[in-house]
Amino acid sequence: MRIFAIGDIHGCSTLLRQLLKVVDLSPADRVVTLGDYINKGPNTKGVLDQLIAFAQSGQLIALRGNHELRMLAAKAQQSIEVNDEVLLDQNTLSSYDSGSLDQSLRSPLTSIPDAHWKFVAEQCLDGWESENHIFVHASLDPNKPLSEQPTRKLFWEKFDNPKPHVSGKTLVCGHTRQKSGEPLNLGHAICIDTWAWGNGWLTGLEVTSGDVWQVNKQGKVKRTHIDTFRR
């Protein structure tokens, strides 16, 4: 069984489809998506549609990111903006044909299907670990097991030279945008948010072999190895 981690997708449904195609999955493989499926990019709806369909295969392990927390907060508050913080942006709303941000704060939420709310709230996980790796959206407290991690660490903390985890497992995460378009590899911790929605790449890492696949909006595909990016 191979385990693929995919970095922050942010509404880039075309890139997600392309990446899943080029990695050439077998039925035994597992894919861990690291959260931040929504906002910024053009097609949040398309990304969630793909992930929900893919989940039916039993191969997907989907994590929440801080933007999924924003989405759930929008539903709880029945508002797309709270205290000047945009929870669901214009690109996300447009992908659901729900109009512009200056419409009523309630109507855009009703255009999001129940299946999407349920996927984010019930099917997505806060983190997941395999024999040798721990997968989260943002970061970890190095001295606590996954089950005891604080929300701030899991969803919001930047990738700032994190210490090795007490388990000895390698951290694989996203969240901290790498504008270089290259993964940041510290050996004991790897960040694969490579700015897919901007001018970077969507990155897939097969954690056992270290093989890396990347696709971008120009239709280019790169295959490298994670050791290439070792700091």
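Worth saying up front: this structure is predicted, and the values here are computed from it rather than measured.
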Does a side-chain heavy-atom distance below 4.5 Å link L140 with L171?
yes
All heavy atoms of Q178 vs all of C191, minimum pair found to be NE2-SG, 3.8 Å
Can you find a heavy atom in the side chain of L88 that is under 4.5 Å from one in the side chain of M71?
yes
Please assess K40 against N91 for the test side chain to side chain contact (heavy atoms under 4.5 Å, CB included), listing each intermediate value before the final yes or no.
CA-CA 6 Å; K40 299 186 178 181; N91 287 339; 5.6 Å; no
Kindly determine whether E131 and K169 satisfy salt bridge (Lys or Arg N to Asp or Glu O under 4.0 Å), including the steps that lead there.
CA-CA 8 Å; E131 182 179 359; K169 296 181 180 183; over 6 Å; no
I need the minimum non-hydrogen distance between S139 and E157, along with the two atoms involved.
OG-OE2, 3.6 Å
Is F155 linked to L87 within one hydrophobic cluster, defined over Ile, Leu, Val, Met, Phe, Trp and Tyr using a side-chain heavy-atom separation of less than 4.5 Å?
no
Is there a path from L69 to L48 through hydrophobic residues (I, L, V, M, F, W, Y) whose side chains come within less than 4.5 Å of each other?
no
Quick one: is the NZ or CZ of K222 closer than 6.0 Å to the six-membered ring centre of W201, and within 45° of its axis?
yes
Taking the side chain as C-beta and beyond, is there a heavy-atom pair between V136 and L146 under 4.5 Å?
yes
If you apply the rule side chain to side chain contact (heavy atoms under 4.5 Å, CB included), what do you find for V86 with I80, and how did you get there?
CA-CA 6 Å; V86 175; I80 58 175; over 6 Å; no
If only side-chain N and O atoms count, and only distance matters, is there a donor-acceptor pair under 3.5 Å linking H10 with N39?
no
Aromatic ring proximity H165/H188, centre distance under 6.0 Å:
no
List the steps, then state whether salt bridge (Lys or Arg N to Asp or Glu O under 4.0 Å) holds for D126 with R64.
CA-CA 6 Å; D126 291 343; R64 292 183 196 89; 2.7 Å; yes
Minimal non-hydrogen separation, L34 against F135, with atom names:
CD2-CB, 4.1 Å
L109 and S79: which non-hydrogen atoms are nearest, and at how many Å?
CD1-N, 3.8 Å
Under the side chain to side chain contact (heavy atoms under 4.5 Å, CB included) rule, what do L15 and K217 come out as? Steps first, then yes or no, please.
CA-CA 7 Å; L15 295 188; K217 290 188 287 189; 4.1 Å; yes
Ignoring hydrogens and geometry beyond distance, is a side-chain donor-acceptor pair present between T194 and T203 at under 3.5 Å?
yes
Can you tell me how far apart OG1 (T44) and NE2 (H67) are? Round to the nearest 0.5 Å.
10.0 Å
Could you pull out the closest heavy-atom pair between L19 and G204, with the gap in Å?
CD2-N, 3.8 Å
Between the side chains of D8 and H175, does any donor sit under 3.5 Å from an acceptor?
no
Determine all donor-acceptor pairs shorter than 3.5 Å in which one atom belongs to a side chain in residues 113-122; sequence neighbours excluded.
residue	atom	partner	partner atom	Å
H116	ND1	Y96	OH	2.6
H116	NE2	D49	OD1	2.7
W117	NE1	I112	O	3.3

Looking only at atom types and distance, does a side-chain atom of S111 sit under 3.5 Å from a main-chain N or O of P108, one as donor and one as acceptor?
yes
Check: L20 and R17 side chains under 4.5 Å, non-hydrogen atoms:
no
Less than 4.5 Å apart, side chain to side chain, heavy atoms only: is that true for N216 and V221?
no
For S94 and D97, indicate whether the former's side chain and the latter's backbone hold a donor-acceptor pair under 3.5 Å.
no
Does a donor on one side chain sit under 3.5 Å from an acceptor on the other, for D89 and T92?
yes
Any side-chain heavy atom of F159 sitting closer than 4.5 Å to one from D193?
no
Can you tell me how far apart CG (D227) and CZ (F229) are? Round to the nearest 0.5 Å.
10.0 Å
If only atom types and distance count, is the side chain of Q18 paired as donor or acceptor with the main-chain N or O of V215 below 3.5 Å?
no
Kindly indicate whether the side chain of I6, heavy atoms from C-beta on, has any atom under 4.5 Å from the side chain of V32.
no
L25 reachable from L51 in the ILVMFWY side-chain graph, under 4.5 Å edges:
yes
For residues Y37 and L60: do they belong to one hydrophobic cluster (side chain heavy atoms under 4.5 Å, members Ile, Leu, Val, Met, Phe, Trp, Tyr)?
yes
I need the E129 CD to S167 OG distance, nearest 0.5 Å.
6.5 Å
Quick one: closest heavy-atom pair of W197 and C12, and the distance?
CA-SG, 3.5 Å
Distance-only polar pair, side chains of E85 and N83, donor-acceptor under 3.5 Å:
no
Let me check something: do L72 and I38 share a hydrophobic cluster, defined by ILVMFWY side-chain heavy atoms less than 4.5 Å apart, either directly or through other members?
yes
What distance do I192 atom CD1 and N185 atom CG have between them, rounded to the nearest 0.5 Å?
11.0 Å
Are Q59 and D29 close enough that some pair of their side-chain heavy atoms sits under 4.5 Å apart?
yes
Any chance you could measure F4, atom CZ, to L205, atom CG, to the nearest 0.5 Å?
9.0 Å
Please say which of H225, R2, R223 ends up in a side chain to side chain donor-acceptor pair (under 3.5 Å) with D211.
R223
Is it the case that the side chain of E68 and the backbone of G65 share a donor-acceptor pair, with hydrogens and angles ignored and the cut-off at 3.5 Å?
yes
If you round to the nearest 0.5 Å, how far is CG of N199 from NZ of K179?
9.0 Å
Evaluate C173 against H137 for side chain to side chain contact (heavy atoms under 4.5 Å, CB included), listing each step before the verdict.
CA-CA 5 Å; C173 66; H137 176 63; over 6 Å; no
